[in-house]
Amino acid sequence: MVPDDTGAQLTTLAVDPASSEPPFAQLRTQIADLVASGALQAGDRLPTVRQLAGDLGIAANTVARAYRELEADGLVEGRGRAGTFVMGRSGPEEAADAAASLYARTVAGLGLEPTEALAIVRRALRA
């Protein structure tokens, strides 16, 4: 477990150095999944970049990149020295947009063509 300085807990965060997925992407995906599942909720404060990097044994720049990408996805908000916080969602469309953005990045990282990625989504929607 990786506790943050407010006492909340981020569970199961881990980086697999043997994975073909870059460490920042692993971290981004895990935090996005925690937000999507409700384990992290609007207003929850994430650990500082330095704290999380130390807890996971990775470079601070790796955590910073994951946080920047989560912020670009609209999942978290950096508030300067106050920290990084989970953003509130105002509707299902925004949540779906964030999920779609994460999916697009993931399939691009896997080297899939857009047509194949769309076919996978169509199959999943039919199931």
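Given the structure is predicted, the values throughout are model-derived calculations rather than measurements.
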What one should report as the nearest heavy-atom pair of Val15 and Pro23 is CG1-CB, 3.6 Å
Residues Leu56 and Leu13: closest non-hydrogen pair is CD2-O, 3.4 Å
Taking every heavy atom of Thr48 against every heavy atom of Tyr67, the minimum-distance pair comes out as O-OH, 4.5 Å
Please check if the side chain of Arg65 supplies one atom and the backbone of Arg28 the other of a donor-acceptor pair under 3.5 Å. no
Taking side chain as C-beta onward, heavy atoms only, is Leu46 less than 4.5 Å from Leu40? yes
Does the Glu69 side chain pair with the main chain of Ala66, one donor and one acceptor, at a distance under 3.5 Å? no
Does Leu118 belong to the same Ile/Leu/Val/Met/Phe/Trp/Tyr cluster as Tyr103, with side-chain heavy atoms less than 4.5 Å apart forming each link? no
Correct closest heavy-atom pair for Leu75 and Ala32 would be CD1-CB, 3.7 Å
Here the pair of heavy atoms bringing Ala39 nearest to Asp44 is O-OD2, 4.2 Å
Scanning both residues in full, the closest heavy-atom pair of Asp73 with Ser101 reads OD1-OG, 3.0 Å
Is it the case that the side chain of Glu71 and the backbone of Gly78 share a donor-acceptor pair, with hydrogens and angles ignored and the cut-off at 3.5 Å? yes
Item checked: Hydrophobic cluster identity match, Val49 and Leu27, side-chain contacts under 4.5 Å -> yes
Are Leu125 and Val107 linked, directly or through other ILVMFWY residues, by side chains that come within less than 4.5 angstrom of each other?
yes
query = Less than 4.0 Å between a side-chain N and a carboxylate O, is that true for Glu116 and Arg123?
reply = yes
Polar side-chain atom of Gln26 near backbone of Asp16 as donor-acceptor pair, under 3.5 Å:
yes
For Leu110, the side chain to side chain contact (heavy atoms under 4.5 Å, CB included) test, sequence neighbours excluded, returns Thr106, Leu112
Should Leu52 and Val86 be counted in the same cluster of Ile, Leu, Val, Met, Phe, Trp and Tyr side chains packed under 4.5 Å apart?
-> yes
- Verify same cluster id: Ile31, Phe24 (apolar side-chain graph, 4.5 Å): no
